Each structure stands twice: as C-alpha cells, then as structure tokens.
Amino acid sequence: MHEFFLPVIKSALRSTGIETDKQIIIEQPADKKFGDFSTNIALLTAKECKSNPRELAHQIIEHLVFPPDTIAQIEVAGPGFINFHFTSFFIMHSVRQILHEGNAYGKGSIGKGKRAIVEYVSANPTGPLTIGRGRGGVLGDCLANLFAAQGYEVTREYYFNDAGRQMQILGESVRLRYMERCGKEIVFPDTHYQGDYIRDIAENIYNQHGAVLAESSDVMTFKKSAEAIIFTSIKKTLERLSIRHDSYFNEHTLYTPDEAGISANQRVIDALKEKGFIAEYDGATWFLTTKLGQEKDKVLIKSSGEPSYRLPDIGYHISKFERDFAVMVNVFGADHIDEYPDVIEALKILDYDTSRIKIAINQFVTTTVDGQTLKMSTRKGNADLLDDLIDDVGADATRLFFIMRSKDSHLNFDVELAKKQSRENPVFYLQYAHARICSLLRMAMQETGFDPASSEDYSLLELLTSPSERQLGFALLNYPDMIKASVRLLEPQKMVEYLHSVAELFHRFYQECPIIKAEPDICKARLFLSLATRQILQNGFRILGVTAPESM
RNA sequence: GUGCCCGUAGCUCAAUGGAUAGAGCAUCAGCCUUCUAAGCUGAGGGUUACUGGUUCGAGUCCAGUCGGGCGCACCA
C-alpha cells in the first residue's frame, strides 16, 4: 500500500513547494474513523516550512491526485493528520488480486535472486530436545518461511558439534549405564547425563551386542551409538513439528586441515593475528577484545590446545560469507546472549559486511501445569521434553503457542489451555475460521451449484459495500505488508495477530451477511470474498506451519 | 557489580514516536425454527512500575530509581 501512496504524496509535496528529506510515513490509524490510511507528513514538515500543520495539510491535499474511483474521501484531522478513505469499489476490486494469485499472493520480491540462511535448533546431540529448544526451532522455521515468502532462496541450517567434551561425557554416561546393565557395579557422577534416555540407549546397545563391550574401556562405540540414536530422535521430534533442515554443518569440519594443510580455525587465527588482535599468554591464545574496549580478552585456543567455542563460531560465519548469503539469520535462546558480539567484532576486523547478520534471540519458556510453573535443566534430566509437550497438546498448538508471543517476552506456556478443545484456546479460533469457510463453500456448491474456485467472475466482488465486507476485504489486502513487517522485525508473532484479526472479521461478516441465501450475484460475490479469506488464512498458516483443517 | 530482555486491565499478552492505550481469557447482559454458537453483539475493568528529560506529540526515545528473568569460564 505504501507503493500506492508514496508517488502521489511525493508529487503533491513538490507541487506545494515543500522540500524535505523526512521520510514519508503512511500508517493505518488504530481508530477506523480516521480512515484507512493516514500520513503525518504535514506535522513533520510544518516547522521547516514555518507554517502550521493543519494549514499545510490543507495545501498538500489540494495537490493530491489519485487514480479515479480509489479514494472516497480525504480530510485533515486532529493536529494535522491527512486521512484517506478508500472506496469500497477499490478495496473489492483489489481483492481480485488475491484470487488471481492464490498461493503466490503476498510473495514479495525483496529477496528475489538473493540467498538467505537461517540457522536454528543447532542442539548438539547430547539428549532429546527440550521445550526451550522448541521455541527457537519454531521461531527459526517461521522466519525461514517468512524470508522465503519475500522471495529469498532460503537454506535452513543446523550447526552442531559431535566432537566436544560434552559428547565425550555423553559416551561415558552411556558406557556406565551399559556396564550397569551388564551387572557391574558403577559409580555414576553428578556431572554426567542423568536422563532416562541414557539407560534406553545403553539397553539398545546391550540388545545389539550383549555384554561383550564390557571388556573394553573404549568409549567410542558408546558415543557413536548414542549420537546416532539421539540425532535420529531429534530429527524425528522436529519432523513432528514439520521442521526440516536442508543442511547440517558439523563444527568439526572447521578443525580439519584442507588441501593446504591448514584448518579453518587456523586461518581465523592467522587473519586476526595479521590485524594485530591475537596474543598468546597464560598458555592460551587470546582474541584481544580489550583493544575494542571490553574488560577482558577472550580465549580462542585453550591452554589444552583445543579451540574454545568462539573460534569455530567465527569460522562458521566466514563459511556463510563464503557461501555468499545476502542475509544470515541466527536464532538462539537468551542463554547464549553473550555469544555473538565477539563473533561480530572479529568479522568486522576481518572486513566482512556484518550488516548481513541478523540475530533473533528468544526469551525463555516456562510451562504452567495446574497453575504450577515448572523450571527445567537439561543436565539434571528433569527438563520438559518437547516430545512430551507435542504428545500432550499436538503439533499445531505447540507451534502456535511458541510464536503467538513476541520473541522478546518470556513465554508462559499454559499446557492446559493448549490442550483445550474449546473457545479459550486461540489455536481453534484461527482454525475454526478456515473450517467454517470450507464448510460454507461445500454447502454453497450443494445448494446453488456455484463453485467460486472454478469461476472467474471476480468483478461481482465490486457489488459488496457493507461495513463488515469492506473491513474484511481491507484486512485481506494487508497481508503483503504484514509479511514485510514480520520479516523486518524478525517477528512471526505479527502474523499470528494479523491472522487472528482476519478470522475475527470473517466471523463478523459471516454473522451479518447471509451468503447462500442472498440473491445470486451477491451470493457469488460473498463466496468470492470467503474464498479470498480462505486463501489468506492458508497462506498465513503455511508460514506459521499450522494445518488448515477443512472441517472441525 | 555488570551486559541483554521484560514490567501495560483480575490473568496471558498487543500497540513501525501519533489521535480516546487495544485483544483474548475470566466476569456480567443479550443473539441459534435460517449457511458450523469452537461463532457474534454489548458492558464493566488502566496513574502503561516510579522520577525526571527530549518534542507539536512518549507505553514507545534518553537518564536515573525499583522489581523480575537470562548471561557474565581456558562449557557450548
């Protein structure tokens, strides 16, 4: 819609003799009586024009020239806003576009010809996914969908490490449980993984190999088995939420030397050293972040000779630059908040364009059951498992609940609410609107023999003029702008709110306007409007990864 | 102590620096002989934690105070 107003307003400003570098802001007023769109340009420029805003607004209005039949009314209101009211003809005429474009409606071109990478989940295979990971997973998946909807070619990547110390402990944990299974006395340290799944894996190995492995102290077999089993289970859990990655990036590849015998990690060290940001002391190799104003330097290679996580993180991002992504989105939880500034700093020093990197941090999840808030910890094995939650409330509710709050706010996941098959549950409100439309279309087919999906008599839409029809149509046309806003803010929650308002407006329209019982042309027009609504809901649901039931 | 996030209706949360701060749930009052009542209409409910500042205008930006969450390793 900005595209509709911008040229007209710009040209009016020129004609009025206003020169300004202020950005022209066109917004939808919260209150409908202030029109469909409004601009505050007169308020912004009044000072530099040495005029009062209302007077200036009137002058601007004189020079506004819109295409015929689009604008019903323009007025100056309040301190100097210019408010625009569309004709219902223009709104309904525009709704045709939704029906013409179908699944492609709302697809933007901002990312056309560009590649984006969204990295999310990225849990090391040390245990089943927890609810906290789920939020990041769904957030990342929705962001990937949103970027794809803007025309980007999106790679969904999972970054993991199966070579670190945690994995060693995992292997050792499984070995101990296996020994226990073989009837040996064991001492199971607190530092090891306590979860029941460790016993399951041990049991699995025992069933395969019997007790023969008890003779060896080799951890490798246990680690490998555990990794394979856990990774498979992680993917299975993600699959239940329709989360699929295109690419798995193993951190360890950054440790292995290339043809020239140099590892990616080593190249990072060399490059930073050349820029004067590396020093060695206390037996370790340091990134001199004190030169950047930070309190402490950061370790890149520990005195043990192993890289700390920061070094491969930098290398990993360089790999993204080398793979030539125009946008790189990193999704992670609030507990990793301190992780990225150093990486960004290092990349800046190495002359990479870090403005391509977008960070989406999601705050924590607490679950409420019976009004009791539960806290969790992976290590202690008492974490809430994502699988259990999906068992409990289903995939749709899981996904929707994770993104129906802003990522910046703590999520209070009310398990009982999500389970309810009733009006209190917001998932059903959205899905019901879709099911209701499907049912309506089926019924219309039966009663009148008219199928809006196989007709192109779209101009009938222009017969619709009632407020509830107009408001619904207007809301549908906002879909492309909502996608843009969601991408810009990295916030799928915007889409949830938007779809909720679409559902609400449809229900009102349905309540107020008889459809099948209306006279034939109006009936057809209203069926077209319903079909367009269903299209928007479907397109939106696809981005959120929620199913669109045809009946409920 | 310090970095980041948060503080808005009884509860869970919205609100690209805009006009009378909005939804859902809960509460109360209405609407099904008519296309799905898992729906619709209406009512009540607020010192946007507090104090200053910036400007035509602040829930939003800035400074400070108070309160909550998450980090602050040669773990990832």
Side-chain angles (χ1 to χ4, degrees), chain A residues 25-31 33-34 38 40 43-44 46-47 52-53 77-81 83 122-124 126 161 164-166 169 251 282-286 294-296 298-310 312-313 333-339 341 361-364 366 368 404-414 417 420-429 431-433 435-444 446-448 468 481 485 488-489 493-494 496-497 500-501 503-504 506-518 523 526-527 530 551-552:
Chain A
I25 293 167
I26 297 143
E27 60 180 3
Q28 291 183 34
D31 192 328
K33 79 177 177 212
F34 296 127
S38 125
N40 61 353
L43 286 160
L44 292 179
K47 195 175 253 181
N52 90 59
F81 293 103
N83 297 339
S122 296
N124 287 342
T126 56
N161 181 11
R165 208 186 70 191
Q166 293 306 321
I169 293 173
E251 178 186 324
D282 295 346
T285 303
W286 300 79
Q294 293 191 29
E295 275 180 32
K296 283 185 291 185
K298 301 292 170 60
V299 170
L300 292 182
I301 299 177
K302 299 181 258 182
S303 52
S304 66
E306 296 172 294
S308 76
Y309 71 91
R310 266 185 210 90
D313 259 13
D335 53 335
H336 290 238
I337 189 79
D338 279 340
E339 195 168 309
I361 294 168
N362 64 279
Q363 294 299 314
F364 267 43
T366 48
T368 310
M404 72 182 188
R405 302 294 176 227
S406 153
K407 64 180 186 303
D408 289 333
S409 88
H410 292 238
L411 177 65
N412 199 327
F413 199 120
D414 186 332
L417 178 62
K420 276 186 188 158
Q421 306 267 318
S422 77
R423 56 167 23 148
E424 295 142 75
N425 187 341
V427 179
F428 286 90
Y429 187 82
Q431 294 188 322
Y432 178 60
R436 206 177 202 187
I437 295 171
C438 291
S439 161
L440 172 71
L441 295 176
R442 279 192 304 267
M443 186 69 77
Q446 214 173 63
E447 299 277 317
T448 70
S468 60
D481 283 348
R488 183 167 44 83
L489 301 168
Q493 186 258 345
K494 293 271 162 218
V496 181
E497 281 229 330
H500 190 275
S501 75
E504 187 176 16
F506 176 77
H507 287 310
R508 190 179 304 160
F509 155 72
Y510 182 91
Q511 201 78 24
E512 288 179 10
C513 302
I515 299 167
I516 295 172
K517 293 182 171 55
C523 167
R526 288 180 176 159
L527 287 171
S530 304
S551 64
M552 287 173 72

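Quick caveat, the model's predicted, so the values are computed rather than measured. Residue numbers begin at 1 in each chain, while the letters A, B, ... track the order of the sequences.
- No hydrogens or angles considered: a donor-acceptor pair under 3.5 Å links the side chains of Ser468(A) and Glu512(A).
- Asp282(A) comes within 4.0 angstrom of a base, heavy atoms only.
- For Asn412(A), the listed nucleotide lying nearest its side chain is U12(B); candidates were C40(B), C74(B), U12(B).
- Nucleotide G44(B): unpaired (no Watson-Crick or G-U wobble partner with both distances less than 3.5 Å).
- Here Tyr429(A) and Tyr432(A) keep their ring centres 6.0 angstrom or further from each other.
- Looking at heavy-atom distances under 4.0 Å, Leu44(A) makes contact with a base.
- For U2(B), the paired base is G71(B) (Watson-Crick or G-U wobble, both distances below 3.5 Å).
- Nearest to the side chain of Asn124(A), among C56(B), A76(B), A37(B), sits A76(B).
- The side-chain ring of Phe81(A) is stacked on the base of A19(B), judged by centre separation under 5.5 angstrom and plane angle under 30 degrees.
- Checked against G18(B), C5(B), A76(B), the side chain of Glu27(A) finds its nearest nucleotide in G18(B).
- Among G71(B), G39(B), C13(B), the nucleotide with an atom closest to any side-chain atom of Gln511(A) is G39(B).
- When both distances must be under 3.5 Å, the Watson-Crick or G-U wobble mate of C61(B) is G53(B).
- Using Watson-Crick or G-U wobble geometry with both donor-acceptor distances under 3.5 Å, G7(B) finds its partner in C66(B).
- When distances run from any side-chain atom of Gln493(A) to the nucleotides C4(B), A14(B), G39(B), the shortest one goes to A14(B).
- Nucleic acid contact for Lys494(A): sugar-phosphate only, since backbone atoms but no base atoms lie under 4.0 Å from a heavy atom of the residue.
- Partner assigned to C32(B) is none, using Watson-Crick or G-U wobble distances below 3.5 angstrom.
- If you check every strand for non-hydrogen atoms under 4.0 Å, Arg405(A) touches a base.
- The side chain of Arg436(A) sits closest to U36(B) out of U36(B), G71(B), C40(B).
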